[in-house]
Amino acid sequence: MLFVRVRPARFLSFGNNGLAAPKEDAKSGGRSFNMHDELRRALLERKFSSIEYMREMSGWHRRAIEILENALGAFFERSSEHYDWHQWSASDWPETWRDRVLRNLRGTQKGIDEAIQKAVEGDNGYMEGVANEVYSIFRNLDNFSWGWWKRIPGRYETEFRLKLVNASDWSTNIMYTLSGYWENDEILDERITGPVDSEDLKRYLKPGESAY
């Protein structure tokens with residue numbers, strides 16, 4: 001698949017799974033304050049390459065795993081009501097999601113945690129690779145069907161999807177920053193990066209720098 005410069009979770013639908021991409025945040029749509037472009041670009045790069053931001057990505061991904069675990073538990077607790085599920089495509093079986101999707105997400109989480117530790121030690125190379133893996137989450141999930149989610153309360157699917165969307169968005173900003181993928185003024189455009197809190201960004205100012 002070609003590498004495309006868009007937010008996959010923010011702008012694309014997810015194949016034939018009947019799982020539409022969430023709407024853009026209302027705050028998206030451009031620059032949020034009048035900081036000199038060069039300084040703002042530098043602050044965004046510092047934010048997106050910070051250990052704190054990597055840990056936020058890790059948190060979103062970990063919460064998605066927890067929700068999937070709970071969703072599978074909710075299904076199997078009432079498995080007698082779903083007696084026909086083995087008549088579905090194997091890609092739609094909850095066991096498939098448990099044995100493949102959940103296992104893969106746990107493996108990715110382990111990679112994220114190890115990459116953060118490497119980053120703390122000054123090596124961002126591992127994080128570049130892991131961020132690319134998280135970036136590709138929804139493309140990988142296209143290999144699985146989502147019908148079993150309809151047999152449990154809808155909040156599980158909604159929360160699982162939203163947590164993965166956030167993890168994917170965070171990882172894309174990390175990957176583009178560490179790998180130098182940003183072109184022109186892309187990093188300044190919140191339609192691409194997602195909303196950036198103006199006051200929070202000022203925390204990345206160095207001594208002698210001013211936002212005004």
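Taking the salt bridge (Lys or Arg N to Asp or Glu O under 4.0 Å) definition, one finds that Arg106 meets it with Glu69, sequence neighbours left out. A search for side-chain contact (heavy atoms from CB on, under 4.5 Å) contacts involving Arg46 returns Ala42, Leu43, Tyr204, Lys206, Glu209, not counting sequence neighbours. Among residues two or more places apart in sequence or in another chain, the salt bridge (Lys or Arg N to Asp or Glu O under 4.0 Å) test is passed with Glu52 by Arg203. Every residue two or more places apart in sequence or in another chain that forms a salt bridge (Lys or Arg N to Asp or Glu O under 4.0 Å) with Glu159 is listed here: Lys163.
In this structure, Phe144 and Val101 have side chains that are in contact, with non-hydrogen atoms separated by less than 4.5 Å. Trp149 places none of its side-chain heavy atoms less than 4.5 Å from the side chain of Phe75.
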Could you walk me through whether Tyr156 and Leu68 pass the side chain to side chain contact (heavy atoms under 4.5 Å, CB included) test, one step at a time? CA-CA 8 Å; Tyr156 289 109; Leu68 177 54; over 6 Å; no

> How far apart are the C-alpha atoms of Glu66 and Arg63, what are their side-chain angles, what is the distance that settles it, and do they pass the salt bridge (charged side-chain N to carboxylate O under 4.0 Å, His left out) test?
Replying inline: CA-CA 5 Å; Glu66 294 170 354; Arg63 287 193 284 277; over 6 Å; no

| query | Do Leu102 and Trp97 pass the side chain to side chain contact (heavy atoms under 4.5 Å, CB included) test, and can you show the C-alpha distance, the side-chain angles, and the key distance before you say yes or no? | reply | CA-CA 6 Å; Leu102 182 57; Trp97 278 74; over 6 Å; no

As a quick check of understanding, evaluate side chain to side chain contact (heavy atoms under 4.5 Å, CB included) for Glu186 and Asp189, giving each step before the final call. CA-CA 5 Å; Glu186 285 180 331; Asp189 192 339; 5.8 Å; no

* **Worked check of side chain to side chain contact (heavy atoms under 4.5 Å, CB included) between Met57 and Met127** => CA-CA 11 Å; Met57 177 194 68; Met127 180 55 70; 3.9 Å; yes

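Atom CG of Leu72 is separated from atom CZ of Phe76 by 6.0 Å, given to the nearest 0.5 angstrom. Note: Leu44 CG to Ile187 CD1 = 5.0 Å, rounded to the nearest 0.5 Å. Here the OG1 atom belonging to Thr96 is positioned 12.0 Å from the CG atom belonging to Asn143, to the nearest 0.5 angstrom. Atom CG of Asn104 and atom CD1 of Ile65 lie 10.5 Å apart (nearest 0.5 Å). Taking CZ of Arg139 as the reference point, atom CG of Leu141 lies at 11.5 Å (rounded to 0.5 Å).
Considering Asn173, Thr193, Thr177 as possible partners of Trp182, the one that fulfils the side chain to side chain donor-acceptor pair (under 3.5 Å) test is Thr177.
Looking at every heavy atom in both residues, Phe138 comes nearest to Arg161 through CZ-O, 3.9 Å. The two residues Met54 and Ser49 have their closest heavy-atom pair at CE-O, 3.5 Å. Annotation for Trp60 and Ala167: closest pair CB-N, 3.7 Å, computed over non-hydrogen atoms.
In this structure, the ring of Tyr53 has its center less than 6.0 angstrom from the ring center of Trp170.
Using a 4.0 Å cut-off between a side-chain N of Lys or Arg and a carboxylate O of Asp or Glu, Arg98 and Glu95 do not qualify as a salt bridge.
Asp197 places a side-chain N or O within donor-acceptor distance of the main-chain N or O of Asp200, the cut-off being under 3.5 Å. Between the Ser171 side chain and the Ser168 main chain, a donor and an acceptor come within less than 3.5 Å of each other. Formation of a donor-acceptor pair under 3.5 Å by the Glu157 side chain with backbone atoms of Gly154 is not found in this model. The closest donor-acceptor contact from the side chain of Thr172 to the backbone of Tyr135 lies at 3.5 Å or more, if one exists at all. The backbone N or O of Leu188 sits less than 3.5 Å from a side-chain atom of Arg40, completing a donor-acceptor pair.
The closest side-chain donor-acceptor pair between Ser91 and Ser145 falls under 3.5 angstrom. For Glu133 and Thr108, the side-chain atoms include at least one donor-acceptor pair closer than 3.5 Å.
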Name each donor-acceptor pair under 3.5 Å that joins a side chain in residues 109-116 to protein atoms two or more places apart or in another chain, with its distance.
from: Gln109; atom 1: OE1; to: His61; atom 2: ND1; distance (Å): 2.8
from: Gln109; atom 1: OE1; to: Arg62; atom 2: N; distance (Å): 3.2
from: Gln109; atom 1: NE2; to: Ser58; atom 2: OG; distance (Å): 2.9
from: Gln109; atom 1: NE2; to: Asp113; atom 2: OD1; distance (Å): 3.2
from: Asp113; atom 1: OD1; to: Ser58; atom 2: OG; distance (Å): 3.3
from: Asp113; atom 1: OD1; to: Arg62; atom 2: NH2; distance (Å): 3.2

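Ring-plane geometry between Trp146 and Phe160 is classed as tilted, the angle between the planes lying from 30 to 60 degrees on a 0 to 90 degree scale.
Residue pairs meeting the side chain to side chain donor-acceptor pair (under 3.5 Å) criterion with at least one member in residues 115-128, sequence neighbours excluded: Gln117-Glu121, Glu128-Ser179.
The cationic atom of Arg151 (NZ for Lys, CZ for Arg) does not lie both less than 6.0 Å from the six-membered ring centre of Trp148 and within 45° of the ring axis.
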